[in-house]
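Treat the numbers as computed from the prediction; the structure is a model and nothing was measured. Quick note: numbers below take in every heavy atom, side chains included, and nothing from hydrogens, waters or symmetry partners.
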Amino acid sequence: MKTITRAAFFYCHSLKSVTILNGVETIGDEAFYGCDKLTHMILPESVKSVGYIAFRKTNISYICCYASTPPKAESKMCDGFYYNSVHLY
């Protein structure tokens, strides 16, 4: 699987943390929209793009990205939570 499709986990309230496997290149628009218990995200080096409001209405406080070149992020990728409270590693 190379793409997490648009709204794949839309309002999935049971997600708390996500580790995306290497090989996934695209996280679609609204992929994790409304996952209000989601606090941690780990992105492999293969991720090249993150869609529009992919993480909106989550409670992400920690994103670990293993890419040597950061993925292209659409505007408002993280719209809906406080940017100052998110730690990007």
Measuring from [X]:[atom1] to [Y]:[atom2], what's the distance to the nearest 0.5 Å?
X   : Y   : atom1 : atom2 : value
F32 : I4  : CZ    : CD1   : 4.0 Å
I20 : L43 : CD1   : CG    : 5.0 Å
I63 : F55 : CD1   : CZ    : 5.5 Å

Where do [X] and [Y] come nearest, in terms of heavy atoms and distance?
X   : Y   : answer
V50 : A54 : CG1-CB, 3.7 Å
L21 : P44 : O-CG, 3.4 Å
V18 : L38 : CG2-CD1, 3.6 Å
F9  : C35 : O-SG, 3.0 Å
V24 : M1  : CG2-O, 3.6 Å

Side-chain touch [X]/[Y], heavy atoms, less than 4.5 angstrom:
X   : Y   : result
Y66 : V47 : no
T19 : H40 : no
C65 : P71 : yes

> Listed by chain and number, what are the side chain to side chain donor-acceptor pair (under 3.5 Å) partners of S46, not counting sequence neighbours?
Replying inline: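 Testing S46 for side chain to side chain donor-acceptor pair (under 3.5 Å), a comparison that skips the adjacent residues, returns N22.
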
> Between K48 and T69, does a side-chain contact (heavy atoms from CB on, under 4.5 Å) hold up when you go through it step by step?
Replying inline: CA-CA 8 Å; K48 293 180 173 60; T69 302; over 6 Å; no

> Does any pair with a residue in residues 29-39 pass side chain to side chain donor-acceptor pair (under 3.5 Å), and if so which ones, sequence neighbours excluded?
Replying inline: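 Passing the test, one end in residues 29-39: R6-E30, H13-D36.
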
